[in-house]
Amino acid sequence: MNPSAEAPSPTPSDFIRDVVAADVQAQRYPKIITRFPPEPNGYLHIGHAKSICLNFGIAREFGGTCHLRMDDTNPTKEDVEYVDSIQADVNWLISGFANDHLGLKPKGKKPETQTVNGKTDFHLGAVPVGTPEVEPFYASDYFDQIYQYAVALIRLGKAYVCDMTPEQTDEYRRLGKASPFRDRSIEENLDLFERMKAGEFADGTHTLRAKITVDAPNIWLRDPLIYRIRHAEHHHTGAKWCIYPMYDFAHCLEDYIEGITHSICTLEFEVHRPLYDWILEALELPRPLPHQYEFARLSLSYTVMSKRKLMQLVREGYVSGWDDPRMPTISGIRRRGVPARALRDFAYNIGITKYDGLTEVGVLDHAIRDDLNHVAHRKLAVLRPIKVVLTNLDENYAEELDAVNNPEDPNAGTRKVPFTRELYIESEDFREVPPPKYFRLRPGGEVRLKYGYIIKCEEVVKDAEGNIAELRCTVDLTTKRGGPNEGRKVKGTIHWVSAKHAIDAEVRLYDRLFTVPEPDAEGDFKAHLNPNSLEVITAKCEPSLAQATPEERYQFERLAYFALDKESAPGKLVFNRTITLKDTWAKEAKK
RNA sequence: UGCCUCAUGGUGUAAUGGUAGCACAGCAGAUUCUGGAUCUGCUUGUCUAGGUUCGAGUCCUAGUGAGGCAGCCA
């Protein structure tokens with residue numbers, strides 16, 4: 001039983017949820033429908049995780065649905081490669097949380113034409129969870145409908161074909177000057193738009209523009225472009241189209257077609273909101289309109305978040321891939337061993353606002369430790385071994401000691417760990433010349449072996465170079481739990497493994513990717529890469545770790561949390577360090 | 001430059017005109033067969049100046065600072 005899984009998820013509160021709650025109260029919509037609309041041009045990162053938790057969280061809290069939608073309106077930037085990873089990341093993150101609220105549609109299904117209040121209307125909704133043969137929504141599935149909406153806008157005299165070059169367009173918009181093509185007749189616009197679609201014109205020669213105003217203070221209202229020519233194959237629609245709708249035109253219509261009620265995006269779209277509303281209102285649509293709300297994207301210290309920069313780290317080989325455990329991608333974080341629950345808790349803890357701040361990674365670290373502390377099975381493993389020989393034990397002394405699997409979870413039970421004459425302990429746990437307040441092993445000193453006995457260091461054996469070769473100690477066999485002197489106190493307890501039984505495992509010690517809190521604040525962010533962000537060592541592990549599974553989380557006691565890497569194989573264990581334990585001693589030692 | 005948005009301890013957030021609270025971080029202590037976890041306590045805050053009000057973090061005005069937008073990207 002996983003105790004943290006039983007705890008009810010707290011219900012967050014923020015300005016967006018306040019709006020949703022008010023809309024529910026006022027019965028403005030039959031059902032709350034949100035959406036998570038990534039562009040399939042890269043891997044999802046922890047910033048997207050914030051958005052996923054928000055959108056799916058709202059669906060969950062208000063008994064609604066959150067559509068997963070590929071926002072693929074630009075054929076030159078997107079790729080199917082990313083569609084799979086996006087689905088996998090979303091599924092992983094919402095599993096056991098909001099997977100009952102994931103909105104998908106039947107494979108290959110396009111919007112249906114219906115009549116609402118005497119008007120032609122397009123609609124495509126989600127099917128119930130559990131329906132077979134489903135897939136995410138694709139913006140590109142609506143190209144036919146969006147095209148028809150564009151035609152409708154032309155017929156209403158609210159859009160026109162413009163023949164200016166990109167440079168001219170920019171200049172006119174900057175200056176607030178009207179395009180010379182602004183007052184073409186509806187017939188001419190219809191004809192030209194049809195010919196744009198038919199492929200008669202080259203890229204960049206014509207655009208369709210909404211006829212709003214030429215000099216509004218908000219530049220996005222200065223006759224914005226809504227369709228451009230792109231003679232390019234689209235990963236989802238193939239060669240069918242050579243004109244593609246722009247984000248501003250497409251997105252609000254995608255939302256409308258799917259019956260989205262609350263369209264939540266990040267702050268940079270704030271200035272686009274009037275356009276979002278204008279288009280939907282201009283089209284005189286028969287169903288309730290969706291509304292856009294903006295919140296601050298996540299910035300995290302000691303990492304970078306832009307897709308461009310993450311792509312650069314991958315392409316230039318600074319990391320092993322998009323799912324390198326040092327990456328802030330969802331797949332990287334998952335591979336590092338972070339449970340989805342920890343990520344969700346993190347998202348809950350940071351909240352949702354319009355303030356553009358920098359969140360300390362410490363908040364993430366805390367959420368990870370907090371979750372792992374409850375679920376991880378404790379194991380004994382020695383990262384940097386020194387040998388200990390218990391001189392008062394028989395050559396073939398052997399015993400099995402009882403070890404608690406998880407002190408935070410009584411149901412996790414116990415296991416046996418072998419104890420023999422020769423052991424490994426952590427080299428950090430012995431000091432020939434101990435610093436102040438050091439209460440681990442020292443010459444002539446005593447320490448407790450976790451789950452075992454108190455030992456005393458009698459002699460330090462060194463090799464020819466003066467390095468410590470082994471520690472010769474004596475053991476007090478009366479001090480085990482249940483033994484006559486179990487209550488005897490010593491200051492330190494250390495972890496250990498039986499030398500004879502220890503199994504080797506590759507252990508990848510990950511650290512933060514960058515050495516400064518804001519790597520992209522100025523200059524080249526790569527100059528701040530942490531040269532020690534990965535160290536690979538071979539550790540000595542207790543034998544039960546041979547049965548480690550990828551699902552299970554482990555705490556190597558007194559060290560850190562670990563998870564099996566995907567490259568691990570039977571007989572060739574590979575562990576990733578998810579996160580270290582808090583280390584108060586390290587802080588103390590610095591003083 | 002124009003337009004938009006934001007401003008509460010070191011950081012992230014709450015307080016919806018009525019006692020400025022929570023989390024992380026930090027510090028101190030208790031406890032501990034993990035220097036983990038747990039528990040207790042502590043330090044630190046409403047950007048500035050005016051105004052409205054019995055009362056302002058909250059409303060108004062001005063200023064300051066920060067961010068966003070000004071792609072035929074999303």
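Order of the sequence lines sets the chain letters (A, B, ...), proteins ahead of strands, with each chain counted from 1.
- Between Tyr247(A) and Phe269(A), the ring-plane angle classifies as tilted under the 30° and 60° cut-offs.
- Atom CG of Asp365(A) and atom P of G26(B) are 11 Å apart (whole Å).
- The nucleotide whose nearest atom lies closest to any side-chain atom of Phe269(A) is, among U13(B), A74(B), A25(B), A74(B).
- The pair Asp520(A)-Lys309(A) counts as a salt bridge, with a side-chain nitrogen and a carboxylate oxygen less than 4.0 angstrom apart.
- Among the nucleotides C73(B), C33(B), A14(B), the one closest to any side-chain atom of Arg481(A) is C33(B).
- Of the P atoms belonging to C6(B) and C39(B), the separation is 37 Å, rounded to the nearest Å.
- Across A70(B), C72(B), U8(B), the shortest atom-to-atom separation from the side chain of Trp220(A) is found for A70(B).
- Residue side chain Gln555(A) reaches the base of U34(B) through a donor-acceptor N/O pair under 3.5 Å, judged by distance alone.
- The cationic group of Arg173(A) lies under 6.0 Å from the six-membered ring centre of Trp220(A) and within 45° of the ring axis, placing it in a cation-pi geometry.
- Distances from the side chain of Thr359(A) to the nucleotides C72(B), A37(B), G12(B) place G12(B) closest.
- Taking the P atom of each, A23(B) and U40(B) are spaced 10 Å apart, rounded to whole Å.
- For Glu171(A) (side chain) and Glu167(A) (main-chain N/O), no donor-acceptor pair under 3.5 Å exists by modelled atom type.
- Ion pairing between Asp476(A) and Arg488(A) holds under the 4.0 Å rule for side-chain N and carboxylate O.
- Within the structure, every side-chain polar atom (N or O) of Arg173(A) is placed at least 4.0 Å from both OP1 and OP2 of C3(B).
- Of the candidates G36(B), U13(B), U11(B), the closest approach to any side-chain atom of Glu360(A) belongs to U11(B).
- Contact annotation: Arg297(A) does not reach the phosphate of G67(B) (side-chain N/O to OP1 or OP2, under 4.0 Å).
- Here the C1' atom of nucleotide G68(B) and the CZ atom of Arg273(A) are 13 Å apart, to the nearest Å.
- Under the Watson-Crick or G-U wobble criterion, with both distances below 3.5 Å, U52(B) has no partner in any strand shown.
- Separation of the P atoms belonging to A66(B) and C59(B) is 23 Å when rounded to the nearest angstrom.
- For the pair Tyr348(A) OH and G12(B) C1', the computed distance is 13 Å after rounding to whole Å.
- A gap of 32 Å separates the C1' atoms of U64(B) and G71(B), to the nearest Å.
- Under the 4.0 Å criterion applied to side-chain N and carboxylate O atoms, Glu486(A) and Lys480(A) are not assigned as salt-bridge partners.
- Distance, Arg308(A) CZ to A74(B) P: 18 Å, rounded to whole Å.
- The separation between Asp14(A) atom CG and U16(B) atom C1' is 14 Å, rounded to whole Å.
- Under 3.5 Å, the side chain of Glu408(A) and the base of G36(B) form at least one donor-acceptor pair of N or O atoms.
- In this structure, of C72(B), U5(B), A70(B), it is C72(B) that holds the atom nearest to the side chain of Met246(A).
- For the pairing with His262(A), the ring pair (Phe, Tyr, Trp, His ring centres under 6.0 Å) check across Phe36(A), Phe15(A), Phe295(A), Tyr293(A) returns one residue only, Tyr293(A).
- Within residues 67-79 of chain A, the residues having any heavy atom closer than 4.0 Å to RNA chain B are, in order of number, Asp71(A), Thr73(A), Asn74(A), Lys77(A).
- Cation-pi check for Lys177(A) over Tyr172(A) is met; the charged atom lies under 6.0 angstrom from the ring centroid and within 45 degrees of its normal.
- Heavy atoms of Phe439(A) sit under 4.0 angstrom from at least one base atom.
- Comparing C33(B), G71(B), G68(B) by their closest approach to the side chain of Arg448(A) singles out C33(B).
- The residue from Glu426(A), Lys450(A), Arg378(A), Lys379(A) that alone fulfils the side-chain hydrogen bond (donor to acceptor under 3.5 Å, both in side chains) condition with His495(A) is Glu426(A).
- When distances run from any side-chain atom of Arg558(A) to the nucleotides A74(B), G35(B), G36(B), the shortest one goes to G35(B).
- Electrostatic pairing of Lys437(A) and Glu588(A) counts as a salt bridge here, judged by a charged N lying under 4.0 Å from a carboxylate O.
- A gap of 29 Å separates the C1' atoms of G65(B) and A74(B), to the nearest Å.
- Residue Arg369(A) contributes atom CZ, which lies 14 Å from atom C1' of U34(B) at whole-angstrom precision.
- With both ends at atom P, the span from U43(B) to C3(B) equals 46 Å, rounded to whole Å.
- With U34(B), G12(B), C72(B) as the choices, the nucleotide that has an atom nearest any side-chain atom of Glu557(A) turns out to be U34(B).
- In this structure, C24(B) forms a base pair with G10(B), meeting either the Watson-Crick or the G-U wobble geometry with both donor-acceptor distances under 3.5 Å.
- Here the C1' atom of nucleotide A74(B) and the OH atom of Tyr138(A) are 17 Å apart, to the nearest Å.
- As a whole-Å value, the separation of Asn218(A) CG from G68(B) P is 17 Å.
- Against the 90° criterion about 0, the sugar-base torsion of G71(B) places it in the syn range.
- Applying the 5.5 angstrom centroid cut-off and the 30 degree plane-angle cut-off, the aromatic ring of Trp585(A) is stacked upon the base of G35(B).
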